[in-house]
Structures are given as structure tokens and as C-alpha cells.
Amino acid sequence: MKEPGVRRGASQPPEAYLEVAVAAPLEQTLTYKLPQDQAPLAEPGKRVLVPMGRRRVTGYILGPAPKPEGFKARSILDILDELPLFPEAMVPLFRWLADYYIYPLGLTIKESLPSGVNHLELAMVKITPEGEKALEAGQANLKEQRFLEILLTAGATAQNQLLKKAGKGASVSTILTMQRKGFVEIHRVMQKGRVRSKTETYIKALKEQSDAPARQKSRHKILEILPKDGDMTMRALKKEVPSAPRWIWEMEEAGEIQVFEKEVYRDPFGEPIPPDETRFTLTSEQEVAYTEIVGALGRGYKSILLHGVTGSGKTEVYLRCVEKALEQGLSVIVLVPEIALISQMQRRFLARFGEKVAVLHSGLTDGERLDQWMRIVRGQAPIALGARSSIFAPVKNPGLVIVDEEHDESYKQDSRLRYQARDLAVMRCHMEKAVTVLGSATPSISSRHNCANGKFQKISIKNRVAERPFPEVTLVDLRNTTTGQNRSLLTDVLKHHLTETLAKNEQALLFLNRRGFANFPVCLECGGTITCAHCDVSLTYHQEDGCFQCHYCGFCQDITKGCPSCGSRKLKMMGMGTEKVEDSLRSMFPQAIIGRLDRDTAAKKGGLVSVLKGLREKTTDIVVGTQMITKGHDFPNITLVGVVCADLSMGFPDFRAGERTFQLLAQVAGRAGRGEKPGRVVLQTYNPEHFCITTACANDYDAFCNEELKFRHQLKYPPFARLAQIRFTGEDSKETGAFANSIGEECRKLLWAEKAFKNSVQVLGPIPSPIARIARMHRWQMLLKGLDHKAFRAYLRQVNRIIQSKAGAKGPTAVIDVDPVNML
DNA sequence: AGCACGCCGACT
DNA sequence: GTCGGCGTGCTC
Ligand SMILES: [Zn+2]
Ligand SMILES: [Zn+2]
């Protein structure tokens, strides 16, 4: 070791070290030596291949690191990217994220990058001649024989595949032992990351006429079709001249055309979106919002809650603001709720900004997603638009981040890194001195509270565009309907309005937030309910597929088998879903054309498109749907909205049930009368006096909030307290309970470790989860409440320690869900 | 997460 | 004795 400060020569720069977050569950980052020859290529945001223990793993360069003390740094093996996958400015954001959601930094970064860039190291196992001999001579034991036989027939196999094929009882150590004996060879290879971008063959005309003989018709036709200046894809040319592939090489040789490959941006939607430069005149309220937002651009951090009623034209305000941001050289991120198909918002952004928008849509393949990502990295697309994960878009100088429908729960990721993209948007803007705009007709209680305490500025748009009135709401009390058995839940009032709407040749929407035919089938013979074999829930009957389905694990059972416990065919289909409503409608209005929009119809190829088309082209009269219809699409011809049962979302053991109900009702009611004709809403409920229902009916957001905030304050729920849910899962019921209880006990003990804990932290539970078993996994949960932010953070970190120390490689697991949304 | 090390019971 | 099961701990 040379002495510090002593330089080996004038030309020798000091040794350089990098701080690397490896894609492994480590709490700390690691320091690696940067070899001289790689030094010019090393940049924060690039992936590196590094040695770690006996393996090689991918890591992410965070920046330079100080000279290591107390350990020897190993050298990085390779730099994997030409361009950084994220800008350096995002490093502090990742650190904050990893800390806040208690998730390893390297895995946090991995989660934020598009899948498809993640290199995987594979251990390839190959049989040796000695191994073959040993197998023949019977020198291998039973377990070894099984492996060797597989290897003999299948050839070199990845270790994890091999273990799967060998089945139960197969272990890594057997393979390693065989390696020691010389029966097999193991070498490590990097699995190809699907990193190549897509190119397409293009043809360009160089001459106007071909010298070829006239009988070669296609050859002349090709030159006719090719544009005089500019190029054409081979694919497009083939449509006009099917024999084109046969001619182009000869034609290129003759100097008539040029053939070349060009990188293309896959159109995620199939159909091209024509540019639309129309700018609607802003209403005075829209103008105020626009001026406020634009005035804040480029002047540091600010968060604005744009509370605009349904149909108030928030999108137009967004478009104008984005335009202004681009003029100032700022880039933009637009977050939209996760939906199955391209939304109105995406369509309008693409129409207005075209190629400048990178769409990170959930329907993209890994390759397509990566294309869009790299366009942002290269600075070709200053606007990133997409669902939750788009908050990680690698834009360099974000000036504006828009979160549309900010109350939507799809902004919370419910696995692994359990982040809330709306909160992260605010944090990213805070760090990068940008403006966040949170838009919604029904803002979350949390955002509304942040306005009250001055963290956000509130801007309201109280009127709809074109002075369209709000729909008139009729409340139907389901407790005293006289519709006989009332089985279908389509009351006389609703029927009356449906008839009227159909007579006027207008469209109606019926909302019921539950898919399937019946969610509570019971057996009349044995009296049992029909439940899932793997989960503690009842199965839902799906008429269309003729089976009982579990909505949690996907388990499916044929109806023809009858009751699972007694085999009886006498089943009563209790409870109702969209399929049943559709059924009743068909018998009630046999002449009407009825569509259905839920996860089942959307899952079928083209199903969603055909329903939306039917609504747009007025070929559908009535559409029945789940909350799916409240999201992302405009139906200007709908004049009647019927809420079949408003109470469904209210019964959950979840402190947000009320908020969810209000938002859903207000959103679905807002679907009525979006076009020129005024709308009407018929709302059926068993709880006509409940404040969620009455305030939703009156479209009185403030009244709802005041009442809800009172309740939250009393019971110390967010926004007046912080929450974290510890979730325990395990295959064995007893073991899971014992595990949960032992961690619970430790957490209670921990309260006494610091005065601040005792004073401000509450441990509730652990208890078995409301759904105590899903997909054979038993579930427990424990709720942690904190009244003091700082103390709660410190407490959670300690809880994580406890979990780490108690959890084994096998057996039950525990995860921390910070700011939980799904409480079930 | 992997992967090694190390400690114990049941096989040659 | 040794093989292999799995609990514990580390990875720059
Ligand atoms: Zn039965
Ligand atoms: Zn199930």
C-alpha cells in the first residue's frame, strides 16, 4: 500500500471510486474501484456489472465515493450503458424513497427503471464426460442421477430451470457437490437484457423513373408510389406492391432507390392520432387557474391543487400550461390513473404535442417501454405521460409535474416498493424546484388537508364549460321499495327514467361496482356458501363462463359440478354483479342494445374498444359497468346515470371507505350530461341519510370533507396521524399467527425504548387480516399509528430491524406498508 | 437475494 | 467417519 498523498507519477491521476447501489436487498451502498480505462465512461445513472461475494450483479452508479477505509474495494467489471438511465438529479429522490418506504436502495432503483434493462446473471449447468461415465457406471446417487439424466437429454440448463425440472427435494448443494466431483461444469453467463431498440427498413427513391424493361411492372410501380422527397417503410410499400421485397435489392444495385434501417418509435395504439391544434377559449375560471400555474413556472417549488368539478375542462388548462413550460425549456411529467386503454387525456396530449410526448403506458411491451424511456433520456421527448411509474421518467429539468385525478388509488403501488406516486411527485418537484399540479374533481382528503395547512395552494373551477348544468339527482331509498322481491335491484324509479331515456334516443349508464353475476352463491341443499378452496372468500358466479370464480386467486370451478361440498345442483345465486344487471336489463328492455364494461369484457381482445365505440357511435343504448367506466373516457351522449347500489364500497373495514364511496359516486354522477343535453342521476341506496350519500347527491365536496375530517380527527386517522401496516403472510396458519404475535410483542416492547415512541406511537394488533387467507397464504396484519412524524420514522426503522432479525429464509414473512391504502 | 460457513443427526 | 439438512451472516 502506498502512503496517502504520495503520487506515483505526475501523469497518474489519483485512484477513483464509485458509490454503487447493487440490485440486492442491502441497506448500504457499496464502494467500487473505477479502472483507469473505464473512467471516462462512468457517470451517475449508468448500470455497472460488479463482483459481489462470489457472484456478479448489476449495480447503479450513484456518484463518486471517498477512498475506502477499513475494507478493500473491488473493481467494477463493466459499464453496461452508453447513456445514463436516469439523471444524477434523481439520486437524492431514490435515497429518500428507499428510506421512506423502507426498501433497499438498489432494488428501489431497479423498480423505477423499465423492466427489460435488467440484466440477469444465470448459472448454466452442463454435464461433463466424467458425469456421463458416472451416470452409466451407476456411481452417482439417486439425486445426482435425476439431475444428470435431465442434463443429458436437455443439454446445458440454467440452474434455476434445472431445480424446477428436478422437482421436490432438489437442492443447490447437490449440484455444487457434483461440480466438485467433476460431474458437471457451471459457468455464469449474463442473460441478454432485451435492450435492442426496434428498427424498420425504409426505402427512399433516388430516381424518378426506372430503366427496367416495361414488363417488370412492380419495379415501375414502386418508384411511382415512393414519395419524391422523403422515405417510406418497407411495410407500407409491401401493402401497395406485395412483390416489393423481391425487387428492392436489385433496384438499389441499379441506383434507383436507397434501402436503409431506421430506429422507429412504436405507436403504442395502432391507430394514428391526427394532430389537433384547436385551442378552446378558456372560461374565466380556467383562465385564473392557467395564469396562476404558469406564473409559478420556473420560480422554484410549488404545489397546486386544482379542484375542478367534473366537466370543468381541466385538460385544456393542463395543455396550455405544458405548452408554456416547453416554451421556457422545461420538461413535463403527466401522471394519469392506470387504465386498460388509451385515455382521453393521452389522446389529447398526443394530438397537441405529437412526437414530443413519450407515453409510458401499461399496455406496452418491455421493448416499447424502453424505446419511450430512451427517447426521454436522449432529450427527444420533453413530455412524459403515463401511469404511476412515470413519476420516474428520466427527464432532465422537470419544471411541471401534473397528477391528474390525484385521488385515484392506482397511484399507490401495492407490492414491493409501496410508493405513492402523487406524494412522490410532490417530493420530486420539491427536490428539483418544480411545480406540481394535482388535479381532481374529488380531491383526496389528504391533499385537501395540505391546502388547509398551507402546504398546497388551492385553485377551484366550480363551473362546467359551456355553462352546462350539473345533473339532477334522484335518491331512491331501497329500504322501502315496493318492487316485490326487488331481486334485480332495478327499481320502478330507475326503470321509469331508463324508459324515458330510451324513448328520447339518448344513452344511459348503470353503475355497479361489482363484476360477475352473483357474488354470494349458496347451496339450498346443505345451506353452505360456495367458497374458494385457496382463499377465505366466497366465489362469484360468472354466467358468461358458466363457472364460479375467485376474484383473489383466479380459482375457477365449473358450475356443472354443483355444490363443492354436497354436489347438489340446487344453488341460489345471492348477491348481484354487473352480469346480473345486464341480464335484468335485457329482459326489461328486449329491444335495447346493451353493453357491459368491466374487467371481464375488457379482458377480451377488442372488448373494451367495441363497448367504447358503441357508446361513441350511439349504437349502444345502455351500458352497465364497474368503476372502470368512471375512468378516463368521455361519453358526451350519456344523459342518465343510474347507481344500482351506492352502498357497496361503504361496508369495508377501512377508514377510507367513506372517502372512496363519495369519490366514486361523485365521479360516476359526473358522467351524466357531459354533452349538450342535461343529465340526470338516479342513485339507489340503503343508507339515504349517510353523509357520504347525501353530500355526493348534492355534489357538495366541502360538506363531505368537513364531516369526514371530523371523523378522522376523532379517531386519529390520516391526515391527523401517520400509518404503517405490517403484513404477515405464511403457508402455515399457526406459524404465521405466532410469527405475527412475536413481532407484535417486540414492537410493543420497543415502545418503551424511547419516550417519544411511548408518547406518539400506537400498536394495533396483530390481528388476522379481514381476508385471512389468499392463494393458500395465511395473512395477519398489525397497524402502527404515529402522531409525531420524526418519532414514527425512527420507530419504523427499528421495526424493520426487528423484522430483519426475526424473519428466516423460509417460513412466514413480514413487510412494512408505509401509508397503506389497501387495508384488507 | 445468493452463497458460504458451520453445526447436528442418519447413513455408509 | 461423511453426507447433506438448514440456521446465521456477509456481500465494497
Ligand atoms: Zn351443498
Ligand atoms: Zn381464491
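Side chains included, hydrogens not; waters and symmetry mates left out as well; all remaining heavy atoms used.
Both tests do not hold together for A:Arg74 against A:Tyr32: distance to the six-membered ring centre under 6.0 Å, angle to the ring axis within 45°.
Counting non-hydrogen atoms of other residues, nucleotides and ligands closer than 6.0 Å to CZ of A:Arg801 gives a total of 12 or fewer.
By the 4.5 Å heavy-atom criterion applied to side chains, A:Leu26 and A:Met52 are counted as neighbours. With a 4.5 Å cut-off on side-chain heavy atoms, A:Cys550 and A:His534 do not count as touching. Side-chain contact between A:Ile109 and A:Leu62 is present, with heavy atoms from C-beta onward closer than 4.5 Å.
One can place CZ of A:Arg54 at 10 Å from P of B:dC3, the figure rounded to the nearest angstrom. One can place CZ of A:Arg416 at 13 Å from P of B:dA1, the figure rounded to the nearest angstrom.
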So which protein N/O to nucleotides 7-12 of chain B N/O distances come out below 3.5 Å?
none

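Residues meeting the ring-ring contact (aromatic ring centres under 6.0 Å, His included) test with A:Tyr411, sequence neighbours left out: none.
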Practice problem: Summarise protein proximity over nucleotides 7-12 of chain C in one line of letters, 5' to 3': B for base, S for sugar-phosphate only, - for none, counting protein heavy atoms closer than 4.0 Å. | Solution: S---BB
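To the nearest 0.5 Å, the span separating CD1 on A:Ile726 from CG on A:Asn800 amounts to 8.5 Å.
Note on ring orientation: taking the six-membered ring where Trp is involved, the planes of A:Tyr60 and A:Phe86 are tilted (angle from 30° to 60°).
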